[in-house]
Number of protein chains: 2
Amino acid sequence: MTELEKYIKTYFGVSNDELSTISAYFKPTTLKKNNYFLKSGRHCDKLGFVQSGIIREYVFVGNKEITKWISTSGYFVVDLSSFVFQQTARWNIQALTDCELYIIDQKDYQQIGKVVTRWTELEKLFIAKCFTILEDRVLTHLSMTAEERYNQLFSFNKELFNQVPLQYLASMLGMTPETLSRLRKKTLG
Amino acid sequence: MTELEKYIKTYFGVSNDELSTISAYFKPTTLKKNNYFLKSGRHCDKLGFVQSGIIREYVFVGNKEITKWISTSGYFVVDLSSFVFQQTARWNIQALTDCELYIIDQKDYQQIGKVVTRWTELEKLFIAKCFTILEDRVLTHLSMTAEERYNQLFSFNKELFNQVPLQYLASMLGMTPETLSRLRKKTLG
DNA sequence: ACTTGCTCTTGATAAAAATCAAGAAGTTTA
DNA sequence: TAAACTTCTTGATTTTTATCAAGAGCAAGT
């Protein structure tokens, strides 16, 4: 069973039949380091699942790159506004390491809905879950200092800090690389 | 046509038949100033639509109230994690003024899905839209200063600053009341 | 009208975080 | 291996924002 199948089974609680139907639509692919899954301005016509590797989602604000999220094994990557509403994509989605992905294109994705009865319901639940996670993330910015946000992420996923350039984590946490560097020093020493 | 019906029609693009079916499930109610639509810790078993008035969604973090959002006419109010996933509610949802609401309880809400074929699809699209709005909100915290966040909200909705206690807006923007006060002075003078 | 309480502002100060600049350490490339 | 990059750290400084404290302005209730 692939990571993708485990994920779908655990998260969506589908039957084995449904599971194999759904996962059959996802095609294994590789994405080489520094290559793009998606570039902003294009249309996002596919959904990816990270089997292995690390992927960064970022956007230019002015001349600055803002990293919105780092996806590791077990995360989906997509520009939802583009995938669902056919708008131009806002996010750049780029591999930080060589990656194994499972990819489904929009046409096949819509096909699932015709084959798996509960699919739209499962989609809804999944997006709702993502919404509540984002609500929490907003709350961290309303209620926590940079140091507290760093500590929270560090205790949640220590390995990330060995695998991902720290400047990207700093951006994702809403602070400068210098500030992150000093917070690391502070909590280690 | 009520605000609710206008909203549903504009946003979901449903037929007139579907519209009247859906809106019939929403019951007009009033909520007096300072009363609660929802208290955290309870189960959120209803969804509200603000016809008139102002509602604040907040949560205690430590001993501090954090205002997550201010809803005015045209907004839905709900604790999504509670309404969808049957968890205990995280948000306190309280009327800042006397309000007119349209409320639907969970049982009737589920009933819509049995009557309106596309309902789950419409739900999905609505939640996806909310997700992308939250993505933007996270981005403002990653890329903007307190002053920029204030200016953005002020140019988006000037009236809010006359209608809502500024301390709540400050919290929602992720700054102290003192900082908001000084930013207001700065941009006016 | 007079408290009482609440909200907002203002000032002084402290703390947090950003910026600017330089250099160290590690990688990649030629 | 050397040169060129890139990333991270560190120091000095400035800017931004929070904190603490006090008072002004209003509104509600007695």
Side-chain angles (χ1 to χ4, degrees), chain A residues 32-35 53-54 56 58 61-67 70 94-98 138-154 158-189, chain B residues 32-35 54 56 58 61-67 70 92 94-98 138-154 158-189:
Chain A
K32 285 281 174 202
K33 180 171 176 173
N34 293 330
N35 283 1
I54 304 177
R56 177 171 77 112
Y58 71 93
V61 177
N63 51 358
K64 262 196 209 161
E65 278 183 6
I66 305 292
T67 296
I70 305 281
Q94 184 185 24
L96 290 181
T97 64
D98 289 354
V138 168
L139 208 64
T140 66
H141 286 280
L142 300 185
S143 66
M144 293 168 110
T145 62
E147 182 169 4
E148 289 167 333
R149 292 196 302 277
Y150 160 70
N151 285 332
Q152 178 182 267
L153 181 62
F154 185 68
K158 290 185 175 47
E159 300 132 63
L160 214 53
F161 291 80
N162 298 319
Q163 297 168 331
V164 176
L166 297 171
Q167 57 181 321
Y168 299 147
L169 295 178
S171 176
M172 183 178 129
L173 286 166
M175 64 187 76
T176 60
E178 292 94 333
T179 295
L180 177 58
S181 175
R182 290 183 177 109
L183 291 176
R184 273 159 55 82
K185 192 181 176 187
K186 190 173 173 181
T187 51
L188 288 176
Chain B
K32 286 280 175 201
K33 180 170 175 172
N34 293 330
N35 283 1
I54 303 178
R56 178 170 76 111
Y58 71 94
V61 177
N63 53 358
K64 262 197 208 163
E65 278 183 7
I66 305 293
T67 297
I70 305 282
N92 296 286
Q94 184 184 26
L96 291 181
T97 65
D98 289 354
V138 168
L139 208 63
T140 64
H141 286 281
L142 300 185
S143 65
M144 294 168 110
T145 63
E147 182 168 2
E148 290 168 333
R149 292 197 302 277
Y150 160 70
N151 286 332
Q152 179 182 266
L153 180 62
F154 185 68
K158 289 185 174 48
E159 299 133 62
L160 214 53
F161 291 80
N162 298 319
Q163 297 168 331
V164 176
L166 295 172
Q167 56 182 320
Y168 299 148
L169 295 179
S171 176
M172 183 178 128
L173 286 166
M175 64 186 78
T176 61
E178 292 93 333
T179 296
L180 177 58
S181 176
R182 291 184 176 108
L183 291 175
R184 274 159 54 80
K185 192 180 174 188
K186 189 173 173 182
T187 49
L188 288 175

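Below, chain A is the first sequence line, B the second, and so on; all start at residue 1.
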(message) I need the CD-C1' distance between A:Gln163 and D:dC8, as an integer number of Å.
(response) 18 Å

(request) Please tell me which of the listed nucleotides, D:dT9, D:dT17, D:dT19, lies nearest to the side chain of B:Lys64? (result) D:dT19

(message) If I take atom CE in residue A:Met175 and atom C1' in nucleotide D:dC8, what distance separates them, rounded to the nearest angstrom?
(response) 15 Å

(message) Any side-chain N or O of B:Arg182 below 4.0 angstrom from OP1/OP2 of D:dT17?
(response) no

(request) In whole angstrom, give the distance that lies between atom CD of A:Glu178 and atom P of D:dT15. (result) 16 Å

(request) For A:Leu166 and for B:Ala146, find the nucleotide of DNA chain D with the closest heavy atom, then tell me which residue's nucleotide is more 5'. (result) A:Leu166

(request) Nearest-nucleotide wise, let me know which of B:Ser181 and A:Thr179 is further upstream toward the 5' end of DNA chain C. (result) B:Ser181

(request) Give a yes or no on whether A:Lys32 atom NZ has more than 12 heavy-atom contacts from other residues, nucleotides or ligands under 6.0 Å away. (result) no

(message) Can you confirm whether B:Tyr168 sits close enough to B:Ile70 that some side-chain heavy atom of one is under 4.5 Å from a side-chain heavy atom of the other?
(response) yes

(message) Return the CG to OG1 distance between A:Leu142 and B:Thr67, rounded to the nearest 0.5 Å.
(response) 9.0 Å

(message) Just so I know, are the side chains of A:Val138 and A:His141 near enough to count as touching, which here means a heavy-atom distance under 4.5 Å?
(response) no

(request) Whole angstrom is fine here: how far is it from CG in B:Leu173 over to C1' in D:dA18? (result) 16 Å

(message) Quick one about B:Thr140 and B:Arg149 (side-chain donor to acceptor, distance below 3.5 Å, no hydrogens or angles considered), yes or no?
(response) no

(request) Rounded to the nearest angstrom, tell me the gap between atom CG in B:Leu180 and atom P in D:dT19. (result) 15 Å

(message) What is the first contacted nucleotide of DNA chain C and what is the last, in 5' to 3' order, if contact means an atom lying under 4.0 angstrom from a heavy atom of chain B?
(response) C:dT7 to C:dA12

(message) In this structure, how many angstroms lie between the P atom of D:dG11 and the NZ atom of A:Lys185, rounded?
(response) 5 Å

(request) Run the numbers on B:Gln94 and B:Asn34 for side chain to side chain contact (heavy atoms under 4.5 Å, CB included), then give the verdict. (result) CA-CA 6 Å; B:Gln94 184 184 26; B:Asn34 293 330; 4.0 Å; yes

